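Presented below is the structure to which this report refers.
Worth saying up front: this structure is predicted, and the values here are computed from it rather than measured.
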Amino acid sequence: MRYEEIAVSVEGSAKDTKMQMYLLDTPRDKNLKIQKRPMVLICPGGGYEKTSFREGEPLAMHFLSRGYHACVLRYSVAPCRFPVQVLEVGAAVKQIREHAREWNVDEERIFVQGSSAGGHLAASYGIFWNQEFMASKLKTDSDQLKVRGLLLSYPVITADPRYQHLGSFENLLGEKRSICEDAMSLERQVTHAMPPCFIWHTAKDGTVPVENSLLMAMALRRVKVPVELHIFPEGEHGLSLASPLVERMDGSGIQKECAQWIHLADAWLDSQCGQEEAEVF
């Protein structure tokens with residue numbers, strides 16, 4: 001495996017915006033079936049105020065163990081505002097495609113994962129990837145920005161005052177919140193062009209209510225976009241892998257019942273890749 005840090009810059013980006021690339025070695029041996037590997041682009045949470053470590057590298061290590069390349073995007077946060085962050089995701093996807101041959105990436109199997117506010121960012125990308133402003137700002141065409149699917153962990157989705165995570169919208173939109181908040185209520189923006197989604201949440205999430213995931217799943221169903229949804233009865237917000245690997249100093253961050261989500265996600269990824277292609281070891 002090799003590790004690289006690559007700068008990501010769009011108009012308005014913070015100086016420290018970067019891709020943390022975790023690239024598995026792929027032997028250049030014509031006798032081996034493995035020639036290219038899928039890629040998971042990870043958007044950690046943090047309320048658009050920071051990007052969490054717990055929702056970045058630990059997930060990358062898991063996907064590497066499954067034979068996927070992984071990339072953690074340390075995207076811009078407040079005071080940078082929308083659409084900077086979603087453009088940065090597009091810039092990362094564009095770079096992955098441009099380096100696909102060098103990095104042995106299967107361009108048809110690029111996925112975006114996001115947790116909490118990072119889930120809002122991943123879902124935003126799923127909605128906006130084919131809009132004209134994305135291709136124009138990134139000097140490319142929409143086909144180069146398309147991804148195979150989204151994995152959303154307890155995502156921020158709605159601006160509905162009953163269920164919203166106010167801090168995320170304040171940090172993302174700033175003074176524009178009053179005029180842009182409706183557009184950032186993602187369940188209202190879903191179209192048939194949205195990639196297939198895997199979503200999980202906990203019913204007792206006291207920070208980002210479970211209704212966020214329910215609203216997104218219902219919106220996807222209305223336009224017939226495939227969605228797999230898992231709601232676990234127990235568990236706080238921000239669980240990441242929900243295992244001892246991400247336990248906090250105070251003992252929180254573990255929920256045994258929820259730790260199976262990543263294995264369900266593995267099965268979903270395999271189904272999206274196709275059974276033969278999923279055997280990437």
(message) Taking the ring of His69 and the ring of Phe63, is the distance between their centroids below 6.0 Å?
(response)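 Not close enough - the centres of the two rings lie 6.0 Å or further apart.
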(request) Kindly state whether the ring of Tyr154 and the ring of Trp200 have centres lying under 6.0 angstrom apart. (result)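 When the ring centroids of Tyr154 and Trp200 are compared, they turn out to be within the sub-6.0 Å range.
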Are any of the side-chain nitrogens in [X] or [Y] under 4.0 Å away from the carboxylate oxygens of its partner?
X: Arg148; Y: Glu108; result: no
X: Arg162; Y: Glu211; result: no
X: Arg54; Y: Glu247; result: no
X: Arg177; Y: Glu175; result: no

(request) Report yes or no: do Trp268 and Leu239 belong to one cluster of Ile/Leu/Val/Met/Phe/Trp/Tyr joined by side chain heavy-atom distances under 4.5 Å? (result)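 Trp268 and Leu239: one cluster.
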(message) Membership question, hydrophobic clusters at under 4.5 Å side-chain separation (ILVMFWY): are Val210 and Leu166 in the same one?
(response)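 No, separate clusters.
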Specify the closest pair of heavy atoms between [X] and [Y], including all atoms of both residues, with the distance to one decimal.
X: Ser213; Y: Ile199; value: OG-CG2, 3.3 Å
X: Glu55; Y: Gly45; value: OE1-N, 2.8 Å
X: Ile6; Y: Met21; value: CD1-CG, 3.8 Å
X: Gln113; Y: Ala122; value: C-CB, 4.2 Å

(request) Check each of Glu234, Glu257, Glu236 against Lys204 using the salt bridge (charged side-chain N to carboxylate O under 4.0 Å, His left out) test, and report the only one that passes. (result)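 In the set Glu234, Glu257, Glu236, the residue that makes a salt bridge (charged side-chain N to carboxylate O under 4.0 Å, His left out) with Lys204 is Glu234.
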(message) Whether the side chain of Arg74 engages the backbone of Thr51 through a donor-acceptor N/O pair (distance < 3.5 Å, no angle test) should be reported.
(response)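 Checking the backbone N and O of Thr51 against the side chain of Arg74, a donor-acceptor pair under 3.5 Å is found.
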(request) Please confirm whether the backbone N or O of Tyr163 pairs with a side-chain atom of Asn212, one donor and one acceptor, at under 3.5 Å? (result)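 Yes; judged by distance alone, with no hydrogens or angles, the pair exists.
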(request) Show your working on side chain to side chain contact (heavy atoms under 4.5 Å, CB included) between Phe198 and Gln272 and close with a plain yes or no. (result) CA-CA 10 Å; Phe198 175 97; Gln272 295 300 311; over 6 Å; no
(request) Just do the side chain to side chain contact (heavy atoms under 4.5 Å, CB included) check on Leu145 and Met134 with the steps written out, would you? (result) CA-CA 9 Å; Leu145 301 178; Met134 292 286 294; 4.0 Å; yes
(request) Evaluate the salt bridge (charged side-chain N to carboxylate O under 4.0 Å, His left out) criterion for residues Arg248 and Asp250: first the C-alpha distance (whole Å), next the side-chain angles of each, then the deciding distance (0.1 Å), finally the verdict. (result) CA-CA 5 Å; Arg248 300 187 184 95; Asp250 64 2; 5.4 Å; no
(message) When you compare the side chains of His237 and Ser116, does any donor N or O come within less than 3.5 Å of an acceptor on the partner?
(response)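 Yes, a side-chain donor-acceptor pair sits under 3.5 Å.
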